[in-house]
Structures are given as C-alpha cells and as structure tokens.
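Here is the naming used below: chain letters follow the sequence lines, and residue numbers restart at 1 for every chain.
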There are 2 protein chains.
Amino acid sequence: MYSYAELKHFAKQIFLKMGCSETHAETTATNLLSADLRGVDSHGVARLSGYVRLWEAGRINPTPNIRIVHESPSTAVVDGDAGLGMVVADFAMKVAIEKAKVAGTGWVSVRNSNHYGIAGQYAMQALEHDQIGWAMTNASPLVAPTFAAERLLGTNPIAIAIPADKQPAFVADFATTTAANGKLEILQRKNQDAPTGWMQTADGQPATDSNTVKNGGALLPLGGDRQHGSHKGYALGAIVDIFSAVLSGANYGPFVPPFVSYVPLHPNPVGEGLGHFFGAMRVDAFRPASEFKSHMDNWIETFRKAKTTSEADQVLIPGDVERQATAERLRDGIYLLEPVVKDLGQLAEKFAVPAPTAL
Amino acid sequence: MYSYAELKHFAKQIFLKMGCSETHAETTATNLLSADLRGVDSHGVARLSGYVRLWEAGRINPTPNIRIVHESPSTAVVDGDAGLGMVVADFAMKVAIEKAKVAGTGWVSVRNSNHYGIAGQYAMQALEHDQIGWAMTNASPLVAPTFAAERLLGTNPIAIAIPADKQPAFVADFATTTAANGKLEILQRKNQDAPTGWMQTADGQPATDSNTVKNGGALLPLGGDRQHGSHKGYALGAIVDIFSAVLSGANYGPFVPPFVSYVPLHPNPVGEGLGHFFGAMRVDAFRPASEFKSHMDNWIETFRKAKTTSEADQVLIPGDVERQATAERLRDGIYLLEPVVKDLGQLAEKFAVPAPTAL
C-alpha cells in the first residue's frame with residue numbers, strides 16, 4: 001500500500017524531470033492520481049511509464065503553448081500543442097467553465113492532445129461552480145463497430161457530472177464499450193475468461209478468451225451484438241469521436257495515435273494528435289440553482305430507495321462506487337501490483353529520484 | 001398500403017377536430033408521420049388514438065400558449081402549456097437553433113409537455129442550418145435501473161444529427177434500453193420470445209416471454225445486466241431524465257405521466273407534465289463548416305468501407321436504416337396492421353371525417 005500523497009509526489013517529480021513546469025507537473029500528477037483514487041487502476045500511476053515513453057518518442061511536448069484557436073460566445077477550439085493530455089484537458093475545461101459563466105453554457109473541442117487519464121475528473125471540475133460538467137475523449141482504436149471486423153474506434157468514454165445539494169453529485173463516467181479495457185486486464189492477470197459480448201477475434205468471431213484483444217481482436221461496443229443493441233454503443237462511441245476530433249481537427253477513428261509508443265503513428269493522419277470534448281452548463285441558466293439541486297436530491301433519494309432484485313444489492317447512483325473507492329484509498333492507501341511497483345522503481349532509477357515508499 | 005400524404009392528411013384532420021390551429025395540426029401530423037416514414041411504426045399513426053384519448057382526458061391542451069420562461073444567451077427553458085409534444089418540441093428546437101446562430105450553441109429544456117413521437121425528427125431540423133441537432137425526452141416509467149425491481153425510467157431516447165457534405169447526415173436515434181418497446185410489440189404479435197437481456201419480471205428476474213412488460217415487468221437499460229454494462233445504459237437514461245425534467249421543472253423518474261390515458265397520473269407530481277431537452281451546435285462555431293463536413297464525409301466513408309464480420313453484412317452509419325425505410329415508404333406506401341386500420345376507422349367515425357383510403 002502507498003499513500004496518495006507519496007504516489008502523487010513521485011509522479012510529479014517524474015513530470016518535472018520530463019521538463020514540465022511546476023504547475024503542469026502538479027496538474028498532471030493530480031489528474032493521473034485521480035484514477036488511482038477512484039479505483040480505475042488501469043489509468044493511474046500504472047501508466048506513468050507509458051507517458052514517459054511517449055515523451056521519449058517525441059510525441060509529448062512538456063512545454064506546450066496551449067491556446068484557443070477559434071471561438072464563439074459559447075464555444076472554443078483549443079490546440080493542445082502536443083502537450084500532456086491532463087494539462088490540455090485542464091486548460092480546456094476551464095475555458096468551458098468560463099464561457100458558461102457568461103453565455104450559460106461552454107463547449108470546447110480539443111485537437112493536438114494526448115491521452116488524459118480518466119474523463120470524470122474534468123467533468124467534476126464544473127461542480128463547484130454549480131455547473132454540469134461534460135468530458136469525452138477519443139482514444140487509440142480498439143473497438144469494432146457493429147458488423148465490422150476491424151478496430152475503428154477507441155473505448156471513447158463519456159463523463160457527465162451533475163451537482164446536487166445534500167446528496168453527493170451524480171457522476172457518470174464510462175467507456176462506450178461493454179467493458180473497459182482495464183476490466184479485461186484484470187481477467188488476463190487471473191487467467192480467467194471474460195463474459196460473452198465483450199470481445200471478438202481479429203476476424204470478427206465472438207470470443208471470451210481474455211487475451212483476445214491482445215492477440216489482435218477487438219472490444220465490442222456497449223450492447224455486445226446487434227440483438228442486444230451494440231449499434232447504440234457504436235453510435236455513442238462515434239459521437240464521442242466526432243465531437244472530440246471532427247469538430248476540432250484532431251485524428252479520428254482508426255487514425256487516432258496509439259497510446260503505446262512502439263506502435264507507429266498512422267502514415268496518413270487526418271488531423272493533429274487526439275481529440276477531447278468538454279462542456280459546462282450553468283444550472284441557473286435553466287432554473288435557480290437551489291431549486292435544481294434540491295430536486296436532484298429528490299431524484300437521487302427516489303432511486304436509492306427503490307425496491308431491489310435481491311436483498312444483497314442496492315440501486316446505485318452513478319459515482320457511488322468511485323466515491324467509496326476514493327474514501328477507502330485516501331484512508332488505507334493505494335495497492336499497486338508487483339509489476340507496477342517494479343515499473344515505478346525503474347522510473348526512479350532512470351530519473352534519479354527516490355522511489356515511492358510503501359506505507 | 002397507404003400513401004404518406006393520405007395518412008398525414010388524415011392525422012391533420014383529427015388534430016384540427018381536436019381544436020388545434022392549422023399550423024399546429026400541420027406540425028403535429030408531419031412529426032407524427034415521420035415515425036411511420038422512418039420505420040418506427042410504434043410511434044406513428046398507430047398512436048393517433050392514444051393522443052386523442054389524452055386530449056379527451058384533458059391532459060392535452062390543443063391551444064397551448066408555449067413560451068420561454070427563463071433564458072441566457074445559449075439556454076432557455078420552455079413551458080409547453082400541456083400542448084401536444086410535437087408542437088412544443090418544434091417550438092423548442094427552433095429556439096435552440098436561433099440561440100446557436102448568435103451564441104454558437106443553443107440548449108433548451110422543456111417542461112409541461114406530452115409525448116412527442118420520435119426524437120430524431122427534431123434533431124434533424126438543425127441539419128439545414130449547418131448545425132448539429134440534439135433531442136432527448138423522458139417518458140412513462142417502463143425501465144428498471146441496474147439492481148432495481150421497479151420501473152423508474154422511461155425508454156428515454158437520445159437523438160443526435162450531424163451534417164456531412166456529399167454523404168447523407170449521421171443521425172443516431174435510439175432508446176437507452178437494450179431494445180425499444182416497439183420491438184417487443186412486434187414479438188408479442190408473432191407470439192415469439194425475446195432475447196435475454198431485454199426484460200425482467202415484476203420481481204426482478206430475467207425474462208424472455210415477450211408479454212413480460214405487459215404483465216408488470218420492466219425493460220432493461222442498454223447492456224441488459226451489470227456484467228454487460230447495464231449501469232451505463234442506466235446512467236444514460238438517467239442523464240436524459242435529468243436534462244429533460246430536473247433542468248426544466250417537469251416530472252422525472254417514476255413521476256412521469258403515463259402515455260395511456262387510463263393509467264392515473266402520479267398523486268404527488270414533482271413538476272409539470274413530461275420533459276424534453278434539445279440542443280443545436282453551429283458547426284462553424286468550431287471550425288469552417290466546409291472543412292467539418294468534408295471530414296464528416298471522410299469519417300463516414302472510412303467506416304462504410306471497413307472489413308465486415310460476414311459477407312452478408314456491412315458497417316452501417318447511424319441513420320442508414322431509417323433513410324432506406326423513408327425512401328421505400330415514400331415510394332411504396334406505408335403498411336398498417338389490421339388493428340391500426342380499425343383504430344383509424346373508429347377515429348374517422350368519431351370525428352366525422354373520411355377514413356384514409358388504401359392505395
């Protein structure tokens with residue numbers, strides 16, 4: 001177990017060594033570690049060395065000139081100048097929030113960026129302003145649309161955070177696939193099969209072997225197959241891709257740059273880097289914030305107290321699971337798998353900084 | 001088979017007899033019939049008598065004073081004054097489009113409305129303005145969230161229409177459940193079972209009998225069960241509900257008024273009528289429209305030409321199926337089931353107008 005503060009400090013040192021400014025290193029470490037806190041282990045410090053390799057490959061600019069390149073009262077396009085996704089996303093979300101303060105809502109599409117960790121973190125930045133926050137991103141192609149035997153989309157997550165009053169906020173944050181890649185990695189480690197509807201082989205046949213995607217197969221859109229609504233998951237993933245990249249001028253679909261540095265970039269890119277999309281909606285641009293938030297409390301309480309399918313279960317509100325993980329991990333620490341500990345040790349050596357100390 | 005013009009004319013006469021203005025009758029008939037054209041038979045003229053019964057029960061106001069009750073540069077809340085959903089939706093979508101012309105985007109939440117037919121029709125209104133259109137609505141509770149043994153949400157559809165250049169527009173329009181209720185009605189008529197993951201019984205057990213929902217069961221959110229991502233479909237349905245009703249002051253969740261007039265209204269409503277949500281995003285508030293649309297063409301062509309899982313299938317673009325249905329039905333006519341023909345005949349008699357003549 002490692003404390004949040006220890007891991008965040010370590011990550012920050014690495015980003016400083018990469019040449020990031022103090023502010024950027026702090027922002028990146030905070031956003032990276034939010035994944036570990038919220039229980040999305042696949043997107044946290046486990047990926048730190050991946051970001052380092054992208055920087056070594058020249059695909060991440062540690063001192064980006066992030067700027068607005070186009071705007072209207074409620075919209076903007078941001079060019080991330082190939083910066084770390086966490087820094088670019090933080091900048092863009094702040095633009096959306098400021099636009100919303102004046103125009104009621106703010107919508108920002110981003111090009112020339114890199115992977116930004118988890119989406120929910122950015123959507124939640126709107127909450128303290130009594131705004132609804134949105135965050136989406138496209139990602140390296142891993143998903144086959146309905147009837148396709150090719151990887152054409154990323155897991156393209158959607159996060160939406162909605163403030164309440166006495167109740168904690170409603171925070172949905174999910175990949176538009178049946179299961180996120182991180183869930184598959186857990187099964188791979190345990191050498192277990194996955195349920196049906198998660199994956200297909202490289203030639204498009206249904207598969208449950210948890211190594212299928214590693215072996216050239218694809219994840220499936222939410223729904224799994226046509227009979228179970230996979231065309232809807234495909235549409236959602238497509239919408240995230242179009243809002244993140246076609247609106248901004250980033251790469252879309254199969255052209256999105258891979259996260260792993262050893263996979264070459266597409267020889268004929270259709271845009272710059274990968275793309276994100278952010279939104280902020282001021283609640284009182286619709287109705288008084290106190291009214292809205294008290295009805296959100298009632299909405300949440302109504303759903304929480306619903307009759308359940310079994311005594312052991314309860315109806316959850318989006319965000320409940322991640323909130324519980326955060327409380328536990330702030331209290332007990334963050335557990336890292338042995339390969340991750342080793343990975344961080346190698347980074348410590350490479351950059352001549354102290355490795356994180358276990359609790 | 002009935003011609004589109006014949007059925008639309010008939011529907012319009014009925015709305016005129018209900019006391020609607022010429023303009024409102026025309027708008028309502030056009031939007032109702034768009035469902036028949038697009039192949040969503042459950043939401044077209046088959047529902048005409050349902051709207052009449054809601055009017056007879058005093059739940060639809062044929063001469064509503066639809067108005068903006070709150071606004072900011074990019075947002076508005078519209079009160080539908082209990083009008084027909086098609087008329088209220090048409091008004092609200094126009095507000096969103098006009099807001100977008102000035103502010104870049106426009107977002108309108110609607111209260112005190114009724115069922116509005118299919119969502120896609122309103123989203124598509126943005127296309128001719130080089131805008132991306134959004135339409136959502138909540139609906140009568142039929143869906144059990146993950147782990148719930150109660151109906152708490154409607155099938156709460158999401159429609160998003162995105163313009164392209166030479167390619168036809170991308171038009172996603174889908175219920176946030178595994179399968180729409182209309183699909184179930186088709187199986188009921190054929191006395192066939194449904195696939196797993198569509199429904200559960202009144203006490204929350206998985207079910208495939210296509211009469212399950214009729215008998216007090218519930219539809220399931222997209223994903224079907226927790227293992228297949230139903231918490232994501234639940235989150236989507238919840239977001240539609242909150243944007244449509246908590247932002248506007250309509251009824252949400254289990255409080256949404258039922259479509260069938262014989263089911264009583266909730267004794268303790270939390271708002272007025274049911275709610276919708278519309279959005280319009282001017283493409284050139286992000287990048288020049290010609291650039292965006294030519295990249296949309298490329299996006300669509302890239303996906304269309306993807307390798308497929310079998311020779312018989314092809315990768316479809318959202319909107320393809322409905323576009324084909326529209327072309328066929330404008331050419332060959334619209335087929336109505338015998339009970340629908342009988343229903344329309346009874347309406348003709350009741351209102352003393354000529355029944356529609358078959359082709």
Roughly how far, to the nearest 0.5 Å, is the OG1 atom of Thr309(B) from the CD atom of Gln205(A)? 7.5 Å

Residue selection (most heavy-atom pairs with chain A, distance under 4.5 Å) from Lys232(B), His295(B), Gln314(B): Lys232(B)

What donor-acceptor contacts under 3.5 angstrom involve side-chain atoms of residues 233-240 of chain A, with partners at least two apart or in another chain?
residue	atom	partner	partner atom	Å
Tyr234(A)	OH	Leu316(B)	O	2.7

Beyond-backbone contact of Thr196(A) with His228(B), side-chain heavy atoms, under 4.5 angstrom: yes

Which one, Leu152(B), Thr176(B), Thr302(B), leads in non-hydrogen pairs under 4.5 Å with chain A? Leu152(B)

Checking heavy atoms, do the side chain of Lys183(A), its backbone, both or neither come under 4.5 Å from chain B? side chain

Looking at Ile160(A), Ile242(A), Val315(A), Ile317(A), which makes the most heavy-atom pairs under 4.5 Å with chain B? Ile242(A)

I'd like to verify something: which residue of Trp198(A), Phe243(A), Phe174(A), Phe147(A) has the highest number of heavy-atom pairs under 4.5 Å with chain B? Phe147(A)

If you tally heavy-atom pairs under 4.5 Å between each of Leu222(B), Val77(B), Asn298(B), Asp241(B) and chain A, the highest tally belongs to Leu222(B)

Option in Phe255(B), Phe170(B), Phe286(B) with maximal non-hydrogen atom pairs under 4.5 Å from chain A: Phe286(B)

At their closest point, which heavy atom of Ser74(B) faces which heavy atom of Thr105(A), and how far apart are they? OG-OG1, 2.7 Å

Quick check on the interface: out of Gly104(B), Gly229(B), Ala285(B), who has the most heavy-atom pairs with chain A under 4.5 Å? Ala285(B)

Checked Ala148(A), Ala103(A), Ser72(A) vs chain B; the most non-hydrogen pairs under 4.5 Å come from Ala103(A)

Is there side-chain contact between Leu247(A) and Met281(B), with at least one heavy-atom pair below 4.5 Å? yes

Heavy-atom pairs under 4.5 Å with chain B, option from Leu220(A), Val283(A), Val270(A), Val102(A) with the top count: Val270(A)

Partner residues of Lys101(A) under the salt bridge (charged side-chain N to carboxylate O under 4.0 Å, His left out) criterion, sequence neighbours left out: Glu98(A)

Applying a strict 4.5 Å limit to non-hydrogen atoms, the region of Ala202(B) in contact with chain A is backbone

Answer with side chain, backbone, both or neither: which region of Thr146(A) has an atom nearer than 4.5 Å to a non-hydrogen atom of chain B? backbone

In terms of heavy-atom pairs under 4.5 Å, which option from Gly223(A), Gly224(A), Ala175(A) contacts chain B the most? Ala175(A)

If you tally heavy-atom pairs under 4.5 Å against chain A, which of Ala180(B), Pro195(B), Ala172(B) wins? Pro195(B)

Can you tell which part of Arg304(A) gets under 4.5 Å to a heavy atom of chain B, answering side chain, backbone, both or neither? neither

Okay, Tyr252(A) and chain B: the region with an atom under 4.5 Å from a heavy atom over there is side chain

Flag the one option from Thr177(A), Val108(A), Asp203(A) with the top tally of heavy-atom pairs under 4.5 Å to chain B. Thr177(A)

Minimum-distance pair of heavy atoms, taken over all atoms of His70(B) and Asp284(A): NE2-O, 3.0 Å

